[in-house]
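Below, chain A is the first sequence line, B the second, and so on; all start at residue 1.
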Amino acid sequence: MNNLDAAFSALADPTRRAILARLALGETTVMELAEPFAMSQPAVSRHLKVLEGAGLITRRIEGTKRPCRLAPGALEEIDKWLAMLRRALEANYDRLDQLLADMEPGKETDPK
Amino acid sequence: MTRLTLKIEGDTHVVVTRRFKASPEAVYRAHTEPALIQKWLLGPEGWTMPVCINEAKPGGRIRYEWSDGSGGSLTLTGEYVALEPFGRIVHVERFHMPDPAPDNMPNPTPDNHIETRFEADGQGTLMTMRMTLPDSATREAMLATGMEYGMEASYARLDELPA
């Protein structure tokens, strides 16, 4: 459960979510990760440390490089994030359902 | 039957579908008439839309300003590209965030090109919204931002809305 808390906390940052999205494509080095984010490598490394601490990524040592990849199960976390967005949109549309019911008095009762 | 689907398609698309019990005409109107939009397109609990400009014609302007009543705000601007009452809307939109914007987020956000279709589905409507972002990084950032700005709301409260 602690790990889940850490994962959600790690996912609360848009840069870290974008890093995870990039890693979903495959193993990547810090240098390759820093490029699209217009960030310094130390800044990216700090984000990676948080992601690693949350169990979302794993890193190995290869010479002077420390390539990182998604940890098994990390995609489940991303799914949770998308599920949250789905619920969020659903809240708007639930309100719209109510409005539409009010707009069309003849259709206030569920036809099904 | 009304549940929403949200899927990522290809590198740059997001596709949202949702079914409504109402007719395509009613759903279309709820997406294009300011007085109706202001009643539902509100995001999280406690937010309102004090400014709603929606000129539903090709080239027409869109401007939504949300407020949480205590200083929080978010603005969306856009333009209509094409409208086919009551079946199809094509428009472009972007968010303008208050400073400071989240890490590395361009402000305003890159243009999101959206085609929305309303198709008769039994007695109701199937809505399909297809968003196209400039690249996959922008798409991820947009999905993140949607959540960031709390598109989440309390279901408990929605359940309590008067019928």
Contacting region of Ile37(B) [heavy-atom separation from chain A under 4.5 Å]: neither
Same apolar cluster (I L V M F W Y, side chains within < 4.5 Å links), Leu126(B)/Val27(B): no
Val14(B) reachable from Val92(B) in the ILVMFWY side-chain graph, under 4.5 Å edges: no
Gap separating the CG atom of Leu99(A) from the CG atom of Leu41(B), nearest 0.5 angstrom: 11.0 Å
Hydrophobic cluster identity match, Leu83(B) and Met131(B), side-chain contacts under 4.5 Å: yes
Met129(B) with Phe20(B), same ILVMFWY side-chain cluster at under 4.5 Å: yes
Distance, nearest 0.5 Å, that separates CG of Leu100(A) from CH2 of Trp40(B): 9.0 Å
Arg29(B) and Met103(A), any side-chain heavy atoms less than 4.5 Å apart: yes
Minimum side-chain heavy-atom gap Tyr93(A)-Met127(B) below 4.5 Å: yes
Flag if over 12 foreign heavy atoms under 6.0 Å of CZ, Arg61(B): no
Salt bridge flag under 4.0 Å for residues Asp97(A) and Arg18(B): yes
hydrophobic_cluster_shared for Leu48(A) and Met39(A), side chain cutoff 4.5 Å: yes
Spacing of CG belonging to Asp102(A) relative to NZ belonging to Lys39(B), to within rounding of 0.5 Å: 7.5 Å
